[in-house]
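Below is one structure, written out as structure tokens, with a few remarks after it.
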Amino acid sequence: MLEIGNIKEDKERIISGLKKKNASQEQIDLVDKIISEDDKRKVIQTNLDNILSKTNKLSDEIGILFKSGQASKATELKSEVAALKDESKILETQLKDVKELLEEMIIQLPNTPHVSVPFGQKAEDNEVFKAWDKAMPDLGENALPHWELAEKYNLISFKDGVTLTGSGFPVYKNQGARLQRALINFFLDEAISAGYQEIQPPLLVNKETAKATGQLPDKEGQMYYCEKDDFYLIPTAEVPLTNLYRDTILQKSDFPIKLTGYTPCFRREAGSYGSDVKGLNRLHQFDKIEIVRIEHPDKSYETLMEMVNHVESLLKKLELPYRILRLCGGDMSFNSALTFDFETYSAAQGRWLEVSSVSNFETFQSNRMKLRFRDDDGKTKLAHTLNGSALALARIVATLLENHQVADGIKIPEALQPYTGYNMIK
RNA sequence: GGAAGAGUGGCAGAGCUGGUUGAUUGCACCGGUCUUGAAAACCGGCGUACCUGAGAGGGUACCGGGGGUUCGAAUCCCUCCUCUUCCGCCA
């Protein structure tokens with residue numbers, strides 16, 4: 001959620017930011033409406049406070065009068081208070097309505113992009129920030145896509161998943177299950193040695209939590225929902241991890257806050273079809289290790305690059321072909337100010353698969369969840385939040401299988417071998 | 001799931017027969033005096049958000065959340081949530 005103060009003080013910059021993010025004309029028109037509505041809010045607040053101040057004073061007087069036995073005088077004042085109370089009731093309702101309308105409008109505005117974000121509408125407009133420094137693997141004619149490899153070596157059963165649940169819920173078996181577990185441990189260990197604190201959060205969260213990180217109301221349809229208990233299945237560990245610091249005032253010495261956690265992620269992915277959802281490309285349930293940072297605003301972009309380097313190091317250790325994209329304004333998520341996507345090459349499919357997305361949200365999330373810190377001047381300010389996948393498993397498994405396949409099996413990268421306990425899938 | 005009790009400022013802990021109580025006090029924390037230095041002692045400060053003001057300051061709201069009674073509620077009533085204890089169930 002954008003800060004209303006920024007909207008008012010820096011209107012032109014906000015508008016040009018919204019345009020860069022391909023906001024609609026309706027969204028841009030909201031800016032002026034928000035400003036005038038907030039002015040209205042202030043007037044009402046001032047009037048209301050004045051009336052409440054008067055009633056408070058009169059109530060005190062009434063108390064004193066009653067104690068000194070001047071009941072008739074007190075009764076006189078009572079009617080005066082009653083009139084003021086009617087007035088304040090009206091203003092209170094107005095204030096509530098204005099605040100609701102304001103929130104409703106502000107929540108519709110996406111975050112504004114960082115200056116380095118390239119202009120553009122679609123995925124094709126993203127900038128290749130960094131490409132792999134090695135040659136793309138040449139797998140030859142007989143290379144198989146991961147879903148065929150999974151079947152050939154009995155690693156994953158998509159069919160069994162359909163029986164148990166439905167499409168998009170694969171069942172991992174044998175060396176495939178072991179590979180999953182190995183990757184989870186490998187990624188967690190890497191994060192821990194980079195200084196992240198490991199967290200095991202709940203997989204179901206309440207409305208407040210889903211709202212604070214921006215999943216509600218924006219992505220309501222994307223989440224699985226347990227109606228009976230009013231809980232949402234998390235679409236990413238970002239949600240519970242970041243919310244650990246909801247409604248908090250940090251000291252400067254608390255920075256940096258570095259959290260990591262492994263969780264399954266649940267996404268409805270309604271409307272996806274075709275080659276997009278083939279095999280492990282897009283699932284309703286997949287495993288992911290997330291890294292979350294809460295930072296001082298002066299440090300957050302430095303931190304973002306640190307996270308990018310961390311994710312890159314993982315892909316290098318797994319010996320996977322990758323590229324890093326700096327997302328253009330139109331392709332960025334609603335919440336983000338700057339996002340780097342990581343893609344690995346699916347050699348057999350001839351396409352790039354997104355395996356990580358590392359973003360700085362600046363104060364967009366912290367404003368909604370009231371995550372502040374006390375700055376040197378003693379004032380509270382909003383902290384910056386960041387997060388990234390390090391990494392998302394299913395697609396990593398897909399490209400790992402494809403890129404490391406040889407005639408008689410699939411080679412396991414050296415870094416992963418201590419975790420798998422085998423060096424070859426056969 | 002059933003029964004009883006409880007939720008107050010960073011923590012501990014008063015207030016809860018309604019009226020200068022945003023809230024006694026202790027600890028923690030910050031500044032100062034004293035000291036060669038430290039500790040102790042003493043003095044002072046010490047919540048958040050919003051409105052207003054150039055500023056100093058002034059005002060409003062908040063004692064788990066929401067609603068109600070009343071001129072006036074941390075204090076009374078309703079409701080929800082959470083915690084503790086006992087019972088039931090159970091990985």
Side-chain angles (χ1 to χ4, degrees), chain A residues 1-9 34-106 200-212 216 226-232 240 243-255 257 264 294 363 365-383:
Chain A
M1 190 162 75
L2 291 174
E3 295 171 69
I4 189 123
N6 289 347
I7 294 176
K8 295 181 101 163
E9 283 159 29
I34 286 165
I35 291 172
S36 70
E37 204 62 22
D38 190 59
D39 289 339
K40 208 163 133 191
R41 187 197 115 248
K42 287 189 177 188
V43 172
I44 296 169
Q45 182 80 60
T46 307
N47 289 338
L48 177 62
D49 283 356
N50 288 338
I51 288 171
L52 288 177
S53 176
K54 273 186 217 164
T55 47
N56 283 345
K57 283 203 185 86
L58 287 173
S59 292
D60 286 348
E61 280 178 44
I62 290 169
I64 293 163
L65 287 172
F66 270 124
K67 274 189 181 165
S68 58
Q70 298 171 266
S72 63
K73 248 189 168 172
T75 316
E76 245 173 72
L77 286 186
K78 270 197 202 180
S79 59
E80 211 174 307
V81 171
L84 286 171
K85 244 189 127 177
D86 290 341
E87 251 183 277
S88 64
K89 277 255 158 66
I90 294 166
L91 287 169
E92 263 167 23
T93 315
Q94 284 179 1
L95 188 64
K96 202 176 145 226
D97 291 347
V98 168
K99 278 183 171 172
E100 271 170 20
L101 180 60
L102 256 177
E103 161 120 8
E104 210 176 281
M105 291 194 291
I106 295 177
Q200 271 194 34
L203 273 23
L204 278 74
V205 295
N206 58 34
K207 270 206 165 73
E208 292 71 44
T209 301
K211 194 182 160 195
L216 288 180
C226 304
E227 194 176 2
K228 223 168 184 176
D229 298 288
D230 204 13
F231 293 148
Y232 293 87
N243 265 280
L244 247 17
Y245 287 86
R246 188 170 84 211
D247 211 3
T248 300
I249 301 176
L250 298 163
Q251 299 306 313
K252 262 183 93 174
S253 56
D254 294 330
F255 294 127
I257 288 168
I294 297 167
T363 61
Q365 290 182 326
S366 59
N367 187 30
R368 210 183 276 194
M369 72 169 83
K370 301 282 165 281
L371 199 186
R372 296 98 87 206
F373 70 98
R374 199 171 300 284
D375 212 352
D376 293 332
D377 58 6
K379 286 183 181 157
T380 60
K381 290 178 187 160
L382 295 170

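Proteins get letters first, then strands, A, B, ... in listed order; numbering begins at 1 in each.
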Can you tell me the distance, in whole Å, between the CZ atom of A/F66 and the P atom of B/G72? 12 Å

What does A/L77 touch in the nucleic acid at a heavy-atom separation under 4.0 angstrom: a base, only the sugar-phosphate, or nothing? nothing

Across the strands shown, which category fits A/N56 at heavy-atom distances under 4.0 angstrom: base, sugar-phosphate, nothing? sugar-phosphate

Nearest-angstrom distance, P atom, B/G66 to B/U84: 24 Å

Would you please confirm or rule out a distance under 4.0 Å between OP1 or OP2 of B/U48 and any side-chain N or O of A/R374? yes

Does A/K54 have a side-chain nitrogen or oxygen under 4.0 Å from the phosphate oxygens OP1 or OP2 of B/G59? no

When rounded to the nearest Å, what value does the distance between C1' atoms of B/C46 and B/C51 take? 24 Å

What's the closest nucleotide to the side chain of A/R41 if the choices are B/C50, B/U52, B/U60? B/C50

Applying the side-chain contact (heavy atoms from CB on, under 4.5 Å) test to A/R372, which of A/T363, A/L382, A/N367 qualifies? A/L382

Describe the nucleic acid contact of A/L48 in one word from base, sugar-phosphate, nothing, applying a heavy-atom distance below 4.0 Å. nothing

Between atom CG in A/N47 and atom P in B/C51, what is the gap in whole Å? 14 Å

Is any side-chain N of the basic residue among A/E208 and A/K211 closer than 4.0 Å to the acidic one's carboxylate O? no

Could you pick out which residue, A/K57 or A/T380, lies toward the 5' side of RNA chain B when each is mapped onto its nearest nucleotide? A/T380

Run the salt-bridge test on A/R41 and A/D38 with the 4.0 Å N-O cut-off and return the result as yes or no. yes

Charged N to carboxylate O below 4.0 Å: is that the case for A/K54 and A/D49? no

Which whole number of Å gives the distance between the C1' atom of B/C16 and that of B/C30? 33 Å

